[in-house]
Amino acid sequence: MAILVTGGAGYIGSHSVLALLERGDEVIVIDNLSNSSQESLVRVAELTGKNPTLYVANVLDKNILRTIFSKHSITDVIHFAGLKSVGESIKKPLEYYENNVTGTIVLLSEMLNAGVNSLIFSSSATVYGNPEKVPLSEDCQTGGTTNPYGTSKLMVEQILRDFSLAQPEFRITCLRYFNPVGAHQSGRIGEDPNGIPNNLVPYISQVAIGKLKCLSVYGNDYPTPDGTGVRDYIHVLDLASGHLAALDHQNEGASFKAINLGTGVGYSVIDLIEAFEKTSQTKINYKIVERRAGDIAECWSDSSLAKQTLGWQATRTIDEMMRDTWNWQKNNPNGYSS
Ligand code: NAD
Ligand code: WQD
């Protein structure tokens, strides 16, 4: 009995593989290492004393999937593999649709062939577009995405919904992550972005370590308490435990579910800078600049459905998120290549 984790060498995947191994699951990973390093899984093995089986391959390769499903007794699939940069998706829409949408279709058809019918999909709060209200509950309108990355998540959710109607024996859960941050408390695994980070927390931590000079805060004229953007940041280990809870509840409720994974609390950019400064005892150099195109003012989750249906809620505080980010950054100034 094993769990297949696509994209398991990546940021959220590696923390989830660790959580699965820790609770005694057998884990098979397929990852083409297009945005990750095998070193993450070497460290997961060090931390857990257990080895996941890694296939360095593309989820678009149906022959490899066929081999994996025939060699291992897989009961469930957690599908993290995909491309995730909003800006890059605008420049390379076809790559994004192929990886994220076609990749999921290939995976689903091979699951169908192999008779494996439990899937957990990495969706995103981005499917809500410009939020109709906050907190965002799962019955809020989706759509209005402004980039191919976001649209690819929306399209996959629709495909999965349609597929589950045609194949009612399938159990499909789309987990809509809010803003994942933080790292394992050991400081051995964490987020290792390529080049200059686009996301706030990796950017802050690279300013703290001296790799980047100054954080640009994108706007302080939003209708929020301090004028800067507000988001629902969630510790990556809470996200990982959300996946375990989703696996445990796969056979309950509807055959297709979409569930928010967030904390239910919003923090502003300035809140994050202050929390990071406090926990790291560093000073973050920042300046206020123009708003970033496509950004929304505020976004946080109503996390009650996850609590009701999965018995799960996030427990880690913003200070723990910043502390663990800093611990990872200072121990690995160049990520996995240090
Ligand atoms: P990541 O880039 O660190 O991990 C994705 C992994 O998938 C990488 O290891 C990459 O090498 C692999 N991969 C990509 N395309 C592949 C393919 N065709 N075949 C095999 N492997 C492939 O990203 P992450 O932050 O860990 O995100 C995991 C998932 O969660 C993604 O689907 C992402 O869209 C989604 N998500 C992420 C965030 C976030 O802010 N990090 C928020 C919401 C949703
Ligand atoms: C957070 C806040 C920025 C960088 C993105 C994707 C989303 C999801 C997670 C996958 C905002 C501000 C940021 C900086 C700043 N990914 N900021 N200076 O935009 O909420 O979400 O990542 O699904 O789809 O859109 O996250 O970390 O980029 O920004 O002031 O250098 O920080 O304006 O208010 P975002 P983020």
Side-chain angles (χ1 to χ4, degrees), residues 5-16 29-38 40-41 55-61 64-65 78-87 89 95-96 98-100 102-104 106-107 121-129 145-147 149-150 152-153 156 174-181 190-194 196-204 206-207 212 214-220 222 224 228-234 236 239-240 243 261-262 266-270 272-273 286-300:
V5 180
T6 76
Y11 172 46
I12 305 169
S14 56
H15 288 80
S16 302
V29 170
I30 175 169
D31 197 307
N32 64 0
L33 305 180
S34 59
N35 195 39
S36 55
S37 153
Q38 211 163 318
S40 64
L41 293 178
Y55 289 83
V56 177
N58 197 315
V59 286
L60 287 152
D61 182 344
I64 292 281
L65 290 176
I78 309 183
H79 183 34
F80 294 106
L83 301 177
K84 66 161 180 178
S85 161
V86 168
S89 78
E95 269 183 45
Y96 271 69
E98 186 177 34
N99 257 278
N100 296 2
T102 312
T104 307
V106 171
L107 176 66
F121 171 65
S122 293
S123 188
S124 167
T126 197
V127 300
Y128 294 112
T145 47
T146 53
N147 56 78
Y149 167 73
S152 76
K153 292 291 174 190
V156 170
C174 295
L175 295 177
R176 295 176 177 162
Y177 315 153
F178 280 68
N179 288 57
V181 298
E191 186 171 12
D192 183 13
N194 266 332
I196 298 175
N198 296 310
N199 293 120
L200 178 64
V201 172
Y203 204 108
I204 291 180
Q206 292 199 13
V207 170
L212 296 170
C214 180
L215 169 74
S216 294
V217 173
Y218 298 136
N220 67 351
Y222 285 107
T224 61
T228 65
V230 169
R231 299 290 184 274
D232 184 340
Y233 297 94
I234 174 168
V236 66
L239 265 193
H243 289 76
L261 292 187
Y267 287 100
S268 74
V269 177
I270 298 296
L272 274 237
I273 295 172
Y286 73 87
K287 60 174 191 260
I288 308 288
V289 301
E290 290 291 290
R291 292 180 181 193
R292 180 172 66 178
D295 271 356
I296 53 178
E298 53 183 12
C299 168
W300 67 90

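Note that these values count all heavy atoms, side chains included, but never hydrogens, waters or copies made by symmetry. For ligands, and for the atoms within them, numbers begin at 1 and follow the listed sequence.
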Quick check on ligand 1: any N or O pairs to the protein under 3.5 Å? One line per pair.
from: ligand 1; atom 1: 2 (O); to: N35; atom 2: ND2; distance (Å): 2.7
from: ligand 1; atom 1: 3 (O); to: Y11; atom 2: N; distance (Å): 2.8
from: ligand 1; atom 1: 9 (O); to: G10; atom 2: N; distance (Å): 3.2
from: ligand 1; atom 1: 9 (O); to: D31; atom 2: OD1; distance (Å): 3.2
from: ligand 1; atom 1: 9 (O); to: D31; atom 2: OD2; distance (Å): 2.6
from: ligand 1; atom 1: 9 (O); to: S36; atom 2: OG; distance (Å): 2.7
from: ligand 1; atom 1: 11 (O); to: D31; atom 2: OD1; distance (Å): 2.7
from: ligand 1; atom 1: 11 (O); to: S34; atom 2: N; distance (Å): 3.0
from: ligand 1; atom 1: 11 (O); to: S34; atom 2: OG; distance (Å): 3.4
from: ligand 1; atom 1: 11 (O); to: N35; atom 2: N; distance (Å): 3.0
from: ligand 1; atom 1: 11 (O); to: S36; atom 2: OG; distance (Å): 3.3
from: ligand 1; atom 1: 13 (N); to: N32; atom 2: OD1; distance (Å): 3.4
from: ligand 1; atom 1: 15 (N); to: N99; atom 2: OD1; distance (Å): 3.1
from: ligand 1; atom 1: 18 (N); to: N58; atom 2: OD1; distance (Å): 2.9
from: ligand 1; atom 1: 18 (N); to: N99; atom 2: OD1; distance (Å): 2.6
from: ligand 1; atom 1: 19 (N); to: N58; atom 2: OD1; distance (Å): 3.4
from: ligand 1; atom 1: 19 (N); to: V59; atom 2: N; distance (Å): 3.0
from: ligand 1; atom 1: 21 (N); to: N32; atom 2: N; distance (Å): 3.1
from: ligand 1; atom 1: 21 (N); to: N32; atom 2: OD1; distance (Å): 3.2
from: ligand 1; atom 1: 25 (O); to: K84; atom 2: NZ; distance (Å): 2.8
from: ligand 1; atom 1: 26 (O); to: Y11; atom 2: N; distance (Å): 3.3
from: ligand 1; atom 1: 26 (O); to: I12; atom 2: N; distance (Å): 2.8
from: ligand 1; atom 1: 32 (O); to: F80; atom 2: O; distance (Å): 2.8
from: ligand 1; atom 1: 32 (O); to: K153; atom 2: NZ; distance (Å): 2.9
from: ligand 1; atom 1: 34 (O); to: Y149; atom 2: OH; distance (Å): 2.7
from: ligand 1; atom 1: 34 (O); to: K153; atom 2: NZ; distance (Å): 3.1

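Y177 places no side-chain N or O within 3.5 Å of a backbone atom of I234 that could act as its donor or acceptor partner. A distance-only check finds no donor-acceptor pair linking the side chain of S268 to the backbone of G229 [under 3.5 Å]. Side-chain atoms of K153 come within 3.5 Å of backbone atoms of S122 as a donor-acceptor pair (strictly under, hydrogens ignored).
Every residue meeting the side-chain contact (heavy atoms from CB on, under 4.5 Å) condition with S37, not counting sequence neighbours, appears here in chain and number order: E39, Y336. Applying the ring-ring contact (aromatic ring centres under 6.0 Å, His included) criterion to H15, with sequence neighbours excluded, gives Y11.
Between atom CG of residue L107 and atom CG of residue L60 there is a gap of 10.0 Å, rounded to the nearest 0.5 Å. In this structure, the separation between CG on D31 and CG on L41 is 7.5 Å, given to the nearest 0.5 Å.
Near ligand 2, V86, S124, T126, Y149, N179, N198, N199, L200, L215, S216, V217, Y218, G229, R231, Y233, V269, R292, D295 each place a heavy atom less than 4.0 angstrom from the ligand.
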- Task: Check the pair N194, N35 against side chain to side chain donor-acceptor pair (under 3.5 Å), reporting the backbone distance first and the verdict last.
- Result: CA-CA 7 Å; N194 266 332; N35 195 39; 3.1 Å; yes
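With Y267 as the aromatic partner, R231 does not meet the cation-pi criteria of under 6.0 angstrom to the ring centre and within 45 degrees of the ring axis.
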